[in-house]
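Here is the naming used below: chain letters follow the sequence lines, and residue numbers restart at 1 for every chain. We use all heavy atoms of the structure for the numbers below, so side chains are in, but hydrogens, waters and symmetry mates are not.
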Number of protein chains: 2
Amino acid sequence: MGIKERKEKHKEDLRQRILDAAKELFLKDGYEATSIRKIAEKIEFSPTTIYLYYKDKADIMYALHQEGFKLLGSQFGVLQHVSEPFERLKAMGRVYMSFALNNPDFYELMFIMKEPIEFVKAHCHDEEWEEGEQAFTALIMTVDQCKDAGYFTSFDTTTFALNVWSLMHGLCSLKLQGHLDHMATTKAHILEEGDWLEKTFDGFIAMLNSLK
Amino acid sequence: MGIKERKEKHKEDLRQRILDAAKELFLKDGYEATSIRKIAEKIEFSPTTIYLYYKDKADIMYALHQEGFKLLGSQFGVLQHVSEPFERLKAMGRVYMSFALNNPDFYELMFIMKEPIEFVKAHCHDEEWEEGEQAFTALIMTVDQCKDAGYFTSFDTTTFALNVWSLMHGLCSLKLQGHLDHMATTKAHILEEGDWLEKTFDGFIAMLNSLK
DNA sequence: AAACATAATTAACACTGTTAATAAAATGAA
DNA sequence: TTCATTTTATTAACAGTGTTAATTATGTTT
């Protein structure tokens with residue numbers, strides 16, 4: 001039955017082409033501006049055809065959401081080769097921040113926006129393996145190894161990891177949403193010049209250091 | 001010219017009624033579901049009338065955005081009576097978290113969503129006093145007083161304050177967007193039961209304590 | 001009462017996501 | 001190859017959205 005396989009391949013092809021078009025539009029114009037009709041126009045199909053391959057817009061966005069997590073995961077993967085756990089933890093922070101800054105739309109889709117999350121809860125309940133968990137697991141393991149190496153000994157691993165994630169997420173969010181720059185400009189008289197994202201991150205590292 | 005004043009009052013009245021209707025719908029159904037037409041229906045006016053009192057939807061949402069900051073400001077104001085700076089800092093964290101949990105829509109509008117921020121940048125440039133700055137100033141002052149009392153002595157005040165804000169904002173965001181609960185459920189086998197928001201916050205306080 | 005200024009409305013534009021009904025194409029069996 | 005069946009794609013339409021221009025209604029002033 002080679003024909004059926006070829007058909008399946010064609011179906012998968014179109015599914016991928018839809019996703020690629022959506023990705024291009026999304027990374028260029030953002031979530032709202034990426035309409036079904038524009039995606040359809042890009043791949044030269046009727047808007048309704050898209051609904052034969054994706055349940056709805058949230059479904060498409062969830063697919064991009066997954067791509068984002070794969071990208072972040074691959075960047076985290078490199079850090080497995082940093083043997084010293086505390087060095088790895090700090091590097092994870094840097095990588096996370098770089099990912100957010102270099103892929104702001106992905107970051108928004110993955111961690112800030114509400115819609116894909118609700119799609120996860122609605123359609124991918126339980127059994128579905130969420131790529132994001134892998135990254136969080138890596139963080140927990142690193143914190144655990146840090147504790148073995150004598151860091152953060154008085155803290156619970158999971159809550160400490162959540163604190164680290166919260167801080168990094170908060171920092172990246174405030175930066176991406178413009179709050180950091182807003183504070184920098186309106187308080188320019190009291191704050192000296194400089195890159196506040198970088199400075200705050202350095203402060204975070206300093207905090208970790210004095211928490212040994 | 002008492003008549004003119006009465007007219008002005010009527011105009012302001014309607015402006016406020018629009019805002020109240022918008023607020024009610026917004027707190028009930030969220031940002032997207034709050035449409036101009038629904039607001040108009042609520043106050044029994046034509047949709048286009050609203051444009052005589054507000055420039056556009058973002059303008060209305062910015063007004064609510066301001067209300068939110070006033071509310072947060074009033075809750076922070078109470079803390080001025082906590083004389084011990086380190087106690088006040090911890091209390092600020094609690095108040096901030098409570099505000100986020102009790103007013104999730106306001107919090108989203110004030111700190112998570114992008115639209116009102118862009119409205120601020122577009123229309124209220126510079127001279128306009130942003131209520132949010134007051135809260136951040138209060139945080140900076142408190143951190144400064146903590147330093148005077150022997151806490152965080154090796155850290156720069158502003159970057160430390162930004163770290164505190166980032167952590168609290170990140171924690172509240174992850175909670176509101178459902179990421180915290182998601183991690184709790186999918187990792188239920190490895191994590192013991194409990195309120196992870198509370199636990200993480202306690203961990204944060206513990207971190208501050210050991211940073212003295 | 002007539003002229004004017006303000007306020008509110010209707011109609012319309014250009015979009016959005018999504019569904020039902022219909023047409024086209026590809027496949028299976030005769 | 002022809003016919004019937006299934007799959008794929010399309011058109012038309014619904015119910016919305018924010019927003020603007022042109023028009024009507026209202027109230028004030030002369």
Side-chain angles (χ1 to χ4, degrees), chain A residues 1-19 21-22 25-26 28-65 109 113-116 118-119 122-123, chain B residues 1-19 21-22 25-26 28-65 109 113-116 118-119 122-123:
Chain A
M1 295 292 129
I3 290 172
K4 253 191 180 152
E5 286 166 18
R6 222 173 301 148
K7 272 197 70 178
E8 285 298 315
K9 215 171 186 182
H10 255 76
K11 267 199 85 165
E12 269 310 309
D13 260 29
L14 188 44
R15 210 182 131 87
Q16 187 58 47
R17 280 175 60 203
I18 291 170
L19 197 61
L25 287 169
F26 170 75
K28 185 160 61 73
D29 307 321
Y31 181 87
E32 298 287 339
T34 303
S35 72
I36 301 285
R37 283 173 174 83
K38 281 182 191 165
I39 297 171
E41 193 182 26
K42 208 164 189 60
I43 60 172
E44 290 180 304
F45 273 87
S46 176
T48 50
T49 303
I50 290 174
Y51 287 88
L52 301 174
Y53 297 86
Y54 290 93
K55 192 190 161 292
D56 51 23
K57 187 179 176 180
D59 195 1
I60 300 173
M61 289 305 168
Y62 176 68
L64 288 180
H65 173 269
L109 197 64
M113 283 185 49
K114 222 162 186 172
E115 304 221 14
E118 274 161 17
F119 185 85
H123 303 288
Chain B
M1 296 291 129
I3 289 172
K4 251 189 182 153
E5 284 167 19
R6 221 173 301 151
K7 276 196 68 177
E8 285 297 316
K9 217 173 186 179
H10 255 74
K11 269 199 84 165
E12 269 311 310
D13 260 28
L14 188 46
R15 209 180 132 87
Q16 187 58 47
R17 280 175 59 201
I18 292 171
L19 197 61
L25 287 169
F26 170 73
K28 185 159 62 71
D29 307 320
Y31 181 87
E32 296 288 339
T34 303
S35 72
I36 301 284
R37 284 173 174 83
K38 282 181 190 165
I39 298 171
E41 192 182 25
K42 207 163 189 60
I43 61 171
E44 290 179 303
F45 273 86
S46 175
T48 49
T49 302
I50 291 173
Y51 287 89
L52 301 174
Y53 297 86
Y54 289 94
K55 191 189 161 293
D56 51 22
K57 188 179 176 180
D59 195 0
I60 300 174
M61 288 306 167
Y62 177 68
L64 289 180
H65 173 268
L109 197 65
M113 283 185 49
K114 222 161 185 171
E115 305 221 13
E118 274 161 16
F119 185 86
H123 303 287

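Counting non-hydrogen atoms under 4.0 angstrom, F45(B) reaches the backbone sugars and phosphates but no base. K38(B) comes within 4.0 angstrom of the backbone, heavy atoms only, and of no base. When heavy atoms are screened at a 4.0 angstrom cut-off, Y53(A) is found touching the sugar-phosphate backbone but no base atom. Within 4.0 Å (heavy atoms only), S35(B) reaches sugar-phosphate atoms of the nucleic acid but no base atom.
With hydrogens and angles left out, the side chain of T49(B) and the base of dT9(C) share no donor-acceptor pair within 3.5 Å. For a distance-only test at 3.5 Å, the side chain of R37(B) fails to qualify as a donor-acceptor partner of the base of dG16(D). A donor N or O paired with an acceptor N or O is found under 3.5 Å between the base of dT11(D) and the side-chain atoms of T48(A).
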side-chain contact (heavy atoms from CB on, under 4.5 Å) between E32(A) and E32(B): does it pass, once the steps are laid out?
CA-CA 11 Å; E32(A) 298 287 339; E32(B) 296 288 339; 3.3 Å; yes

Output, in order, the C-alpha distance, side-chain angles, deciding distance and verdict of side-chain contact (heavy atoms from CB on, under 4.5 Å) for I50(B) and I60(B).
CA-CA 9 Å; I50(B) 291 173; I60(B) 300 174; 3.8 Å; yes

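Here the side chain of S46(B) is nearest to one of dT10(D), dT10(C), dG17(C), namely dT10(C). Candidate nucleotides dT18(C), dT19(D), dA8(C) were compared by shortest atom distance to the side chain of I36(A), and dT18(C) ranks first. You'll find that the side chain of K57(A) is closest to dG17(C), out of dA8(C), dG17(C), dT19(D).
When atom types are taken as modelled, the side chain of S35(B) and the backbone of K38(B) share a donor-acceptor pair closer than 3.5 angstrom.
Checking D59(A), L19(A), I18(A) one by one against Y53(A), the side-chain contact (heavy atoms from CB on, under 4.5 Å) holds for a single residue, I18(A).
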